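Note that the coordinates shown come from a computational prediction; the quantities given were computed from them, not determined experimentally. Labels below follow one simple rule: chain letters A, B, ... track the order of the sequence lines, proteins then strands, and each chain is numbered from 1.
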Number of protein chains: 4
Amino acid sequence: MNVKKKIVEQSIQLFEMKGFSETSIQDIVEALGVTKGTFYYYFDSKEQLLKDIHLTYIDDLLKLQEQIIGNSDMNYKTKLFETVKLLITQIKVTGRPARVFHREMMHLKPESVSMVKQKRKMFRLNMQKIIESGIESGEFRKDLRADLVTFAILGMCNWSYNWFDPNGPVTDEELVKTYMETLLNGISS
Amino acid sequence: MNVKKKIVEQSIQLFEMKGFSETSIQDIVEALGVTKGTFYYYFDSKEQLLKDIHLTYIDDLLKLQEQIIGNSDMNYKTKLFETVKLLITQIKVTGRPARVFHREMMHLKPESVSMVKQKRKMFRLNMQKIIESGIESGEFRKDLRADLVTFAILGMCNWSYNWFDPNGPVTDEELVKTYMETLLNGISS
Amino acid sequence: MNVKKKIVEQSIQLFEMKGFSETSIQDIVEALGVTKGTFYYYFDSKEQLLKDIHLTYIDDLLKLQEQIIGNSDMNYKTKLFETVKLLITQIKVTGRPARVFHREMMHLKPESVSMVKQKRKMFRLNMQKIIESGIESGEFRKDLRADLVTFAILGMCNWSYNWFDPNGPVTDEELVKTYMETLLNGISS
Amino acid sequence: MNVKKKIVEQSIQLFEMKGFSETSIQDIVEALGVTKGTFYYYFDSKEQLLKDIHLTYIDDLLKLQEQIIGNSDMNYKTKLFETVKLLITQIKVTGRPARVFHREMMHLKPESVSMVKQKRKMFRLNMQKIIESGIESGEFRKDLRADLVTFAILGMCNWSYNWFDPNGPVTDEELVKTYMETLLNGISS
DNA sequence: CATGAATGAGCTTTCATTCAT
DNA sequence: CATGAATGAAAGCTCATTCAT
C-alpha cells in the first residue's frame, strides 16, 4: 500500500483515539516508521489532511446515497430504511472515520468547513426529499414536518457513533431494524 | 460576580467558539483582564476547569431529572415529554455549555472521564427506567427494547445541539412537541 | 540591565555578524543564558525585534538631525558638515546597529518596511533641505540638483559602513574632514 | 537557452526580490517547471549557485574595467568618468544581479567570500590607481587622499542601487554627468 | 489574592540535500 | 539528464505551568 494512504489511515486511527489537536505529526509518522519530512511531502498541512479525510468520507456517503435515491425499485419506506442502514453500517465498516467526521470539523479552516458543511447539507436535504416524497405518495403521515423529522432521524443515527459497538451484543442489523420500527410506528401503545 | 465564576463562564464561551485545545489560558485571562496567576489561584489546571464545567452541567441535568422522576402526578408519557423538553430547552438556556459538554469530553483525564461518564450513564438509565415503567403500565408498546429506544431518543435530542438555533424560526417548544409526536406515533401513515 | 535590553543588544551583535536569517532565536537566547520562552515573553516575533531595532535606530538619527537643523548658530555648510559627521560617527558609537540597519530591511513585514522607509525618507529630505537652503543663501553653487547631490552624499557616508573600521588607521574625524573637503571643493585641480 | 543559465537567471530574480535565505530551491525549480534533482545536477549546493552569481558579476565588471584602463586614448578624468558610468549603467543593464551582489555576500562560505572580496578589492585598487595617476598627471588636486576618495566614489555609485530606478524620471546618463560634475568641482560656490 | 517574569517541552512547518531509478 | 520520494536537522512559535514577590 502506498505511503499517503497509510498516513491517512494511521491519522484516522489516532485522531479517533486522541483527538485531532492532541495528535501530533510526530505521533503519526512515528507510528508508521517514517519521518516528518515524508508527511509534508504528501500533505501541505495537518489541516489539509483532516480536510481530505472529511471530504473522502462525505463524498463516499453521498455516492452511496445516490444509489439509494436512484433505485426506482424501492418505495420510500425502503429508501429511508436503506439510508438509516447506510449511516449505521458505516460505523461497522469505517467506524473510526465516522467518529472523526462527527467530532473534528471545527479544526478545519473556514473555507474547508463551508465546503464540508455544504455536502453534509446536501445529504440531509436528499434525506428530507425522501420523506417528502413518501408523504406525497401516502406512505408517510400527511401532517409531518419533513425538515424536523429528518433532523430527528439523523440525530438518532449519528448519535450512535457515541455508544454503538458493532462488536458488542447488538448487531448493526438489529439496531437498524429496531430504529426503523420505532420510527415508523412510534412507541405509544 | 466573583472571579472564579467569571472564569468559568468566559471559558465556556471560548471553548464553545474555538474548542478546548485551541483556547489558551492566555485567551481566557486576557478576555477577563486578569493574569495567568489569577487563573492558577482558582484552578489547578486547564483540565480541572473543564472537569468542573462538565460536572456542573451533568449535575444540574441530574437534579432536574430527579424532579421529573419524583413527581408522582405525571404519567410516564408526560415524564418522557418533560425529559425531552429538559434536554432541548437546555440549549436555549445554556446553549454554550451544552455544546462544550458534548464535544470536549475527550480532553479530560481518564479519571475525570469516568466520573463524568458514570453520571451521564445514570441520566440515561433514569430515562430508560421511564420507558420500562411506561411499558409495564401499558402506556408504551410491550415489544420495545427500552435500551435502544433510549439511545434513539437521546440521539434525537442531543444531536439538536448541532443545528438547532433557539433564535431561529423554530421555537424550542415547537421542536419538543414535534419530536414527541413523531416518537410516540411514528411516521407511518 | 533588564532582559529585554539585553536581548536587543545581543541580537544586534548576532544579526551584524551572521545576518538576520542566519541568526536563530536559539542563538540569541543561548548567548544570554535564557530560554526561548523568555524571548517570546518580550517580543511577539523575530520580525518585531528587527522592527524595534530599525525604529530605535532611525528615530535616534532623526532626533540628532533635528538638533542640527534647529541650531541657528550654524551656517549651511556647517550643518551639512555636522550631518555627515553624524552619519559617520554613528558607526563608531553604534557600529553594529548601523550595519544591521542598512542590510536587513528586507526582512521586515511590508507594513514595517513602509514605516521605516518613511522615516528614512524624512531624514533624506531634511538633508536635501539643508542643501537647498545653502544654495539660496549663496553658500553652495546655484546650478546644483539638490536631490541628486543628497543621494550622492548619503551614498558616500552610508557606504562607509561596508569598509570603515573606527579602530583602524583612519579616524572618524579624519574621514569626515576628507569627505567634506572633497565634497565641497571637488577633486579637479 | 540551456537549463543551467535559466536556473541562474531565475535565481537572481528571486534572490533580488525575496533575498537569498528566503528563496528556497523549491521556489527556483518551481518557477522553471523542473525538479530539485535537476538543480542538484547542475549545482552542488545553493551556496555554490550564489558564488557563481557573484563571480560572474565581478568578473564581468573587472573585464570592462580593464578595457577602460588599457585605453591609452583617454585621460584620467575620462577614465574616472567611464568607471562611474560603468557602475551606474550596470544597474540599467543588470539591475538585479547588482542588488544581489551588494547584499548577499554574507551567505557565501568563508572561502568563497575571500575569493569574491579579493576581486572586489582589485576593482577598487584599479580605481584608486586611476585617481593616483590623475594626481600625478596634474588632472586632480595634489592634496587628495586617493584611497578615501575612491571609497567616496564607490559609495556614491554603489549606493544608487538602493534608490535609482533606470525607468524613473532621471536617466542613467544624467545621473552619471551630475555625479561627475559634483565630484570634480565640488558643491561650494 | 494577584502579578509578571520565566521556563521547557512540544508543536507545525520548512528546506537543503540525498539517492535509487 | 532528470525525477520523485524520503530524510533529518533546525526553525519560529505556543503554551500550560511555576514561583518569588
Participant: Rounded to whole Å, how long is the line connecting atom CG of B/L50 with atom P of F/dA16?
Facilitator: 13 Å

Participant: F/dT7, E/dA2, E/dT7: which one has an atom nearest the side-chain heavy atoms of A/V34?
Facilitator: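 The nucleotide sitting nearest to the side chain is F/dT7.
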
Participant: Using a 4.0 Å heavy-atom cut-off across all strands, classify B/F43 as base, sugar-phosphate, or nothing.
Facilitator: nothing

Participant: Could you measure between the two P atoms, the one in F/dT21 and the one in E/dC1, and give it in whole Å?
Facilitator: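 Between the two P atoms, the distance is 22 Å.
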
Participant: Can you measure from CD (A/Q118) to CD1 (A/I58) and round to the nearest 0.5 angstrom?
Facilitator: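 Output value for this atom pair is 11.0 Å.
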
Participant: Within this structure, what is the OH-to-C1' distance between B/Y41 and E/dG4, rounded to whole angstrom?
Facilitator: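 Roughly 18 Å, once rounded to whole Å.
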
Participant: Can you check the C/K4 NZ to E/dA6 P distance for me, whole Å?
Facilitator: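 That distance rounds to 12 Å.
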
Participant: Over how many whole Å does the gap from A/H107 atom NE2 to E/dC11 atom C1' extend?
Facilitator: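 Those two atoms, NE2 and C1', are 14 Å apart.
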
Participant: Ignoring backbone atoms, test whether C/T35 places a side-chain nitrogen or oxygen under 4.0 Å from the OP1 or OP2 oxygen of E/dT7.
Facilitator: yes

Participant: Under 4.0 Å from OP1 or OP2 of F/dT3: is there any side-chain N or O of D/T38 that close?
Facilitator: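 D/T38 to F/dT3 OP1/OP2: side-chain N or O found under 4.0 Å.
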
Participant: Whole angstroms only, please: what is the CG-P distance between C/N2 and E/dG4?
Facilitator: 16 Å

Participant: Would you list the pairs meeting side chain to side chain donor-acceptor pair (under 3.5 Å) in which at least one residue belongs to residues 24-40 of chain A, sequence neighbours left out?
Facilitator: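 The answer is A/K18-A/D27, A/S24-A/D27, A/T35-A/T38.
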
Participant: Would you say the side chain of B/M17 lies within less than 4.5 Å of the side chain of B/Q13, judging by non-hydrogen atoms?
Facilitator: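 Touching, per the 4.5 Å side-chain cut-off.
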
Participant: Would you please confirm or rule out a distance under 4.0 Å between OP1 or OP2 of E/dA6 and any side-chain N or O of C/Y42?
Facilitator: yes

Participant: Calculate, to the nearest 0.5 Å, the distance between atoms NZ and CG belonging to D/K63 and D/D59 respectively.
Facilitator: 7.0 Å

Participant: So, for C/I28 and C/L14, which heavy atoms are closest and what is the spacing to 0.1 Å?
Facilitator: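 Here C/I28 and C/L14 meet closest at CA-CD1, 3.7 Å.
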
Participant: How many angstroms lie between atom OG1 of A/T23 and atom CD1 of A/I12, to the nearest 0.5 angstrom?
Facilitator: 12.0 Å

Participant: Would you check, one step at a time, whether the test side chain to side chain contact (heavy atoms under 4.5 Å, CB included) holds for D/Q48 with D/D52?
Facilitator: CA-CA 6 Å; D/Q48 200 230 68; D/D52 273 24; 4.0 Å; yes

Participant: In whole angstrom, give the distance that lies between atom CD of C/E30 and atom C1' of E/dT7.
Facilitator: 15 Å

Participant: Counting Watson-Crick and G-U wobble pairs with both distances under 3.5 Å, what is the dot-bracket string for DNA chain F, 5' to 3', using [ ] for crossing pairs and | for pairs to another strand?
Facilitator: .||||||||||||||||||||

Participant: Are A/K46 and A/F39 in a cation-pi contact, defined as NZ or CZ under 6.0 Å from the six-membered ring centre and within 45° of the axis?
Facilitator: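 No, A/K46 does not lie over the aromatic ring of A/F39.
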
Participant: Please encode protein proximity along nucleotides 13-21 of chain E as a string of B, S and -, counting only heavy-atom distances under 4.0 Å.
Facilitator: BBSBBB---

Participant: Using 0.5 Å steps for rounding, measure from the NE2 atom of C/H107 to the CE atom of C/M105.
Facilitator: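 Taking NE2 in C/H107 and CE in C/M105, the distance rounds to 11.5 Å.
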
